[in-house]
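For reference, the structure is listed below as structure tokens.
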Amino acid sequence: MRPGNPEALQQPYDPARVEARWYAVWEERGVFKPGGSDAPAPSGKATTRPFVITMPPPNVTGSLTMGHLLGESVRDCIVRWQRMDGRETLYLPGMDHAGIATHNVVEKKLRAEGRARHQIGRDAFVKEVWAWKEQYGGLIFRQERRVGISPDWSRERFTLDPAYSEAVLGVFKTLYDKGLIYRGRYIVNWCPRCRTALSDEEVDRVETQGHLWYVRYPIKDSDRSVTVATTRPETMLGDTAIAVSPKDTRYTKLIGRTAVVPLARREIPIVADIMVDPKFGTGAVKITPAHDANDFQTGLRHDLPQIVIMDEGGVMNDAAGDFRGLDRFEARKRIVAALEDAGYLEKVEPHTHSVGHCSRCGTVIEPYLSLQWFVKMAPLAAAGIEAAKKGKVKFFPSRWKKVYLNWMENIRDWCISRQLWWGHRIPVWYRGEEMVVSLTAPEGDGWRQDEDVLDTWFSSWLWPFATLGWPEKTSDVERYYPNSLMVTGSDIIFFWVARMIMAGCEFMGEAPFPHVMFTSIVRDAQGRKMSKSLGNSPDPLEMMERYGADAVRFTMVYLTPAGQDLLFDEKRLETGKFFANKMWNAAKLVQMRLGDEDLGKVKESALTLTLADRWILSRYANAVKDITRNLKTYRLNEAANALYHFAWNEYCDWYLEFAKSRWPEDDAIADDAARDDRRTARWVAWKVLDGILRLLHPFMPFVSEELWQALPHDGELLATAAWPRSRKAWVDAAAEREIGFVQELVIAVRNLRAENNIPPGKRVPVSVRGPAETLDAVERLASQIVPLARIDVLTLARDGSRPAVAASAVVGRAEVFLPLEGLIDLDEERARLAKEADKLLGDLEGARKKLRNVDFLNKARPEIVEKERTRLAQLEETLEKLKRAQAALLGA
RNA sequence: GGGCGCUUAGCUCAGUUGGUAGAGCACUUGCUCGACAAGCAAGGGGUCACUGGUUCAAGUCCAGUAGCGCCCACCA
């Protein structure tokens, strides 16, 4: 046992001072490294299975948001708990190069400096991005440490680390060799501003109020025409057919005829195709294979030409004839006008449809025909689907399983090439018609590497094992794969979680983690997700400055409901701040009263525990069980709640108040019994506080460590001390019942005082009347009751008498009287009693009705019926007593 | 077009096998009694969105309705 430091707890509590102290200590002592825990393993638990969790690597694009902070708080809470529980823990940190996102912010920065990436060239640009990474990566690093998370920093990874990059490129080659990666000209989501292809997941669909333009296409060698409806009239310049449904009798005669594209005056065939819905629009569809995914497929079926009419910036090209050089939206306007002028526009209808936008810059996506690399996903998804169905991967909350499966079962191929410079350059080499997939340049001259880089997620989907040194057969891979848990936001379930599961199954033969826990999405007051791009997240560092890291951590976890979003309001951080302060002061009180006894030498068996002691130990055992159970099921908010209320409302509000009268100064000690009782109170107060600090540590690591060190403590650091176990021997239902009665009695007296405006400092006489066994109990508990209720003389009215004029209340089977003739306001007291009685009557009626119900008596569980009977008797007795009290006041 | 979530105190939200409705903030009243005013004590405030069903018993389970929000989908 180490002595506490009595100088430590200065007033007032200053989080900044405390929080500056411990992080370096933990790091120096290697607490964060696997095996850094010296906590004894709980008996019966295998120590060989480590607890492994990786940090979802934040983007290097900027600073963290409150959303990140929630994730970090949740993860670290679980990690610290597991570490204290005796598991070897690995928490692996890192960062993501975040391809497009970073690319864009650096490009923006260059633009602000009057430079452009194409001017400075690829190498110089990449250098700029690395410089940016150093700057902002450093900021994120500082933020993460400030929150107090406990990862093994020596294993920090970046997705562009040389070894990691090699793993990424190796995976490309492996999948290519297996035929799961292919290159081809297909319609992709193209962002004309970023000038790159995107995956389906990187496109945000936005309901947009647009128009449906009905355009008349003349039929060749006829004076008739066919009308088609379109939302993007500018694409007509790339039309290569008109399609109708084969079942649509209106158009049967037209199939095989030739139509003329207005303005372009190009002749195109009219074909029958199953993709056409006769009920939509006119039932005739213009086909633009190079600018629409559906039309592309139709085009293949009918062997239609593909005419690309725009360049990579969304500007109309030579194929657009008179409209060349116009931006696509300007072209739309001009084309509509030209159609109208020429009499080809039949009508315009308002039309709401969803339009794809680039999730990075908001630009309207252009379906664009281009040569890209793809991953064939269905074969990879199969194992991921099975893993979830067989329960190898479980989601918390479980409803996400359905979302996951739905996406996986309808998975589409993944476009992984990006026309950017920041990222893993595609390991493919070309020379004329030759193409080689290789991590290094092929032998010989004239080879030119693919210009594109890979989608960021093509590297981060390997995170659970590439961070461990894979594909090398490292001991880390051996020991730490699969990981134990993934904690992340549901917003990246497809981007990342699903793909990690697929990659794990494919390359490691096993899902990367058995559990996925989704944290709340943190939203602002308007319900918008907090994000860097919106700039609606408070600065985490500022929040921690203002409230303390402990407070921010605790509050975020305390507030996060399992499976629901979290509407963040800065004011809520006070909850954590005030709680930390409360714990500080409670510890200060206990420390002041501990004296110089070596509590480590005290044996529980040698102590005579009072009722209050047995009660708090019982409540403590219960709290440990409750908190641990909630942690195990990832209901961290419930765990935080239980801890908060046990520590504050039971330990501070009641137990410490009970204990106060038992630890007087030495010169006030009357005899050995009093001395023993003082020692008992000291030991229990310390023991339970020690437990509270252990329970608190995962939530508030700094202040709990500080307080633990200030008190006598067993072991070097709280961070590696053992997680408390719930001791069955401490569970004491009788003590809980009896203290329950004491509390009710004390509250009743306090209430009588308050209602009658008796100053809190003034001691009052109290008389209690009731059955003998109740009075015996009151007598036995008097030492607990008297100081808390501020009673001067406690009279047990065994003769059944009551003061003539008194305020009264009913507690259990007893009546409590405040005999204060002349002091109490009789009218107010009468009104209060009447109101009480009124409330009781309602409850009473309900209970009676229930117990008259034969079905209830026969079908409800016997203990429920018994409980109801007891309750009814209680209510009746109470009402009776209230009535007597009312009668007594009548004559006064 | 599918799927999911939410609707509980003035506000923001908890509520884990159905068994007397909870917290924080806000509000009222009173407290510088030897840890804490970032506090203590006492209190007011809710037909748990609506309708129906299952059940002895529903905030909790089922079905439907309304409003809000989210996700998915090749809505020319």
Side-chain angles (χ1 to χ4, degrees), chain A residues 9 11-13 187 205 212 228-232 235 243 275-277 280-288 292-298 351-354 367 397 399-400 402-403 406-407 410 412 490-491 493-494 521 523 525 527 529 547 551 555 558-559 561-569 571-572 574-575 577-593 629-630 633 635 637-638 641 644-645 652-653 656-657 660 747 750-755 757-763 790 843 846-847 850 853-861 863-865 867-868 871 875:
Chain A
L9 306 183
Q11 190 63 17
Y13 167 53
I187 295 284
R205 300 272 163 188
L212 202 51
V228 303
T230 179
T231 54
R232 294 187 297 148
T235 62
M275 62 83 73
V276 182
D277 173 4
F280 189 92
T282 62
V285 188
K286 59 190 258 340
I287 302 296
T288 321
D292 183 277
N294 270 328
D295 293 3
F296 177 78
Q297 294 299 332
T298 306
H351 182 65
T352 305
H353 59 145
S354 70
R399 67 183 146 85
W400 289 103
K402 204 169 164 183
V403 176
N406 182 54
W407 187 77
N410 297 291
R412 293 187 289 165
S490 57
D491 51 338
I493 182 171
F494 306 136
I521 290 172
R523 300 183 180 278
K529 180 182 158 187
Y547 299 89
T555 308
Y558 176 87
L559 286 181
Q564 287 312 124
D565 293 352
L566 191 167
L567 258 60
F568 179 78
D569 176 1
K571 188 160 171 51
R572 300 299 300 269
E574 289 185 342
T575 306
K577 183 181 167 184
F578 295 173
F579 184 44
N581 182 59
K582 187 72 184 178
M583 291 299 99
W584 180 270
N585 282 291
K588 200 170 65 142
L589 170 66
V590 172
Q591 187 203 45
M592 273 164 39
R593 301 306 179 94
R629 193 195 63 212
N630 280 310
T633 46
R635 285 192 289 253
N637 61 326
E638 296 288 320
N641 245 291
Y644 181 91
H645 287 110
C652 291
D653 287 352
L656 290 181
E657 295 304 325
K660 273 177 180 172
I747 288 170
R750 285 173 177 168
N751 178 243
L752 290 178
R753 305 170 59 114
E755 297 282 349
N757 298 317
I758 296 165
K762 186 174 169 64
R763 294 186 175 273
R790 300 207 154 253
D843 293 354
K850 228 174 185 177
N853 185 340
V854 187
D855 286 327
F856 174 71
L857 297 174
N858 291 338
K859 295 181 183 172
R861 290 201 311 275
E863 67 267 27
I864 298 291
V865 176
K867 213 170 139 190
E868 199 60 30
R871 183 171 166 248
L875 288 170

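Order of the sequence lines fixes the chain letters, A, B, ..., with proteins taken first and strands second; residue numbering starts at 1 for each chain. Heavy-atom basis, side chains included; hydrogens, waters and symmetry copies ignored.
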Touch class at under 4.0 angstrom, heavy-atom based, for [X] against every strand present:
{"X": "A:K402", "answer": "sugar-phosphate"}
{"X": "A:K582", "answer": "base"}
{"X": "A:A860", "answer": "base"}
{"X": "A:S354", "answer": "base"}
{"X": "A:I747", "answer": "sugar-phosphate"}
{"X": "A:M592", "answer": "sugar-phosphate"}
{"X": "A:Y13", "answer": "base"}
{"X": "A:R763", "answer": "nothing"}
{"X": "A:L567", "answer": "sugar-phosphate"}
{"X": "A:R593", "answer": "sugar-phosphate"}
{"X": "A:R205", "answer": "nothing"}
{"X": "A:R753", "answer": "nothing"}
{"X": "A:D295", "answer": "nothing"}
{"X": "A:T288", "answer": "nothing"}

Any carboxylate oxygen within less than 4.0 angstrom of a Lys/Arg side-chain nitrogen, looking at A:R232 and A:D292?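 Looking at A:R232 and A:D292, the cut-off is met.
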Base of [N] paired with side chain of [X] (donor-acceptor, under 3.5 Å):
{"X": "A:E657", "N": "B:A35", "value": "yes"}
{"X": "A:D855", "N": "B:C56", "value": "no"}
{"X": "A:K571", "N": "B:A26", "value": "no"}

Nucleotide nearest [X] when distance is taken to its side chain, options [options]:
{"X": "A:R790", "options": "B:A76, B:C33, B:A42", "result": "B:C33"}
{"X": "A:K660", "options": "B:C75, B:C72, B:A35", "result": "B:A35"}
{"X": "A:R399", "options": "B:A35, B:G15, B:C4", "result": "B:C4"}
{"X": "A:F578", "options": "B:A76, B:A38, B:G19", "result": "B:A38"}
{"X": "A:N581", "options": "B:A38, B:A76, B:G19", "result": "B:A38"}

Would you say a side-chain N or O of [X] is under 4.0 Å from OP1 or OP2 of [N]?
{"X": "A:R750", "N": "B:A42", "value": "yes"}
{"X": "A:R412", "N": "B:C74", "value": "yes"}
{"X": "A:K859", "N": "B:C56", "value": "yes"}

More 5' along RNA chain B: A:P561 or A:N853, using each one's nearest nucleotide?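 The answer here is A:P561.
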Taking for each residue the nucleotide of RNA chain B with the nearest heavy atom, is it A:N757 or A:V285 whose nucleotide lies nearer the 5' end?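 Looking at RNA chain B, the more 5' nearest nucleotide goes with A:N757.
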Looking at A:N406, is its backbone amide N or carbonyl O close enough to the side chain of A:N410 to form a donor-acceptor pair, meaning the two atoms are under 3.5 Å apart?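 Between the backbone of A:N406 and the side chain of A:N410 there is a qualifying donor-acceptor contact (under 3.5 Å).
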With no hydrogens and no angle check, is any side-chain donor or acceptor of A:R753 less than 3.5 Å from a backbone partner on A:K762?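 Yes, the answer is positive, given that a donor and an acceptor are paired below the 3.5 Å cut-off.
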Integer angstrom distance from the [atom1] of [N] to that of [M]:
{"N": "B:G67", "M": "B:C62", "atom1": "P", "value": "22 Å"}
{"N": "B:U28", "M": "B:C61", "atom1": "C1'", "value": "40 Å"}
{"N": "B:C74", "M": "B:C70", "atom1": "C1'", "value": "22 Å"}
{"N": "B:A26", "M": "B:G53", "atom1": "P", "value": "44 Å"}
{"N": "B:G59", "M": "B:A14", "atom1": "C1'", "value": "12 Å"}
{"N": "B:C71", "M": "B:G64", "atom1": "C1'", "value": "23 Å"}
{"N": "B:C56", "M": "B:U20", "atom1": "C1'", "value": "16 Å"}
{"N": "B:U60", "M": "B:A49", "atom1": "P", "value": "8 Å"}

What is the distance, rounded to the nearest whole Å, between atom [atom1] of [X] and atom [atom2] of [N]?
{"X": "A:D569", "N": "B:C13", "atom1": "CG", "atom2": "P", "value": "10 Å"}
{"X": "A:N751", "N": "B:U28", "atom1": "CG", "atom2": "P", "value": "19 Å"}
{"X": "A:F494", "N": "B:C70", "atom1": "CZ", "atom2": "C1'", "value": "11 Å"}
{"X": "A:Y558", "N": "B:C13", "atom1": "OH", "atom2": "P", "value": "15 Å"}
{"X": "A:W400", "N": "B:C72", "atom1": "CH2", "atom2": "C1'", "value": "11 Å"}
{"X": "A:D653", "N": "B:C31", "atom1": "CG", "atom2": "P", "value": "20 Å"}
{"X": "A:L559", "N": "B:G24", "atom1": "CG", "atom2": "C1'", "value": "8 Å"}
{"X": "A:E755", "N": "B:G44", "atom1": "CD", "atom2": "P", "value": "8 Å"}

Taking C-beta and beyond as the side chain, do [X] and [Y] meet within less than 4.5 Å on heavy atoms?
{"X": "A:M583", "Y": "A:Y13", "value": "no"}
{"X": "A:L212", "Y": "A:T230", "value": "no"}
{"X": "A:Q591", "Y": "A:L589", "value": "no"}
{"X": "A:T633", "Y": "A:E638", "value": "no"}

Shortest non-hydrogen contact from A:T555 to A:R572?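 Heavy atoms only, the tightest pair is CG2-O, 3.2 Å.
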Stems involving RNA chain B: give each as a range paired with a range, ordered by first number, where a stem means at least three consecutive Watson-Crick or G-U wobble pairs under 3.5 Å.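 So far as stems of 3 or more pairs are concerned, RNA chain B shows B:1-7 with B:66-72, B:10-13 with B:22-25, B:27-31 with B:39-43, B:49-53 with B:61-65.
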In terms of side-chain heavy atoms, does A:N581 have a donor or acceptor partner in A:N585 at a distance below 3.5 Å?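 Looking only at side-chain atoms, A:N585 and A:N581 do form a donor-acceptor pair, the distance falling under 3.5 Å.
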Would you sort out whether A:K577 and A:T575 count as a side chain to side chain donor-acceptor pair (under 3.5 Å), showing the intermediate values? CA-CA 6 Å; A:K577 183 181 167 184; A:T575 306; over 6 Å; no
Just to verify, which of A:V276, A:T282, A:D277 counts as forming a side-chain contact (heavy atoms from CB on, under 4.5 Å) with A:F280?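 When A:V276, A:T282, A:D277 are each tested with A:F280, the side-chain contact (heavy atoms from CB on, under 4.5 Å) holds only for A:D277.
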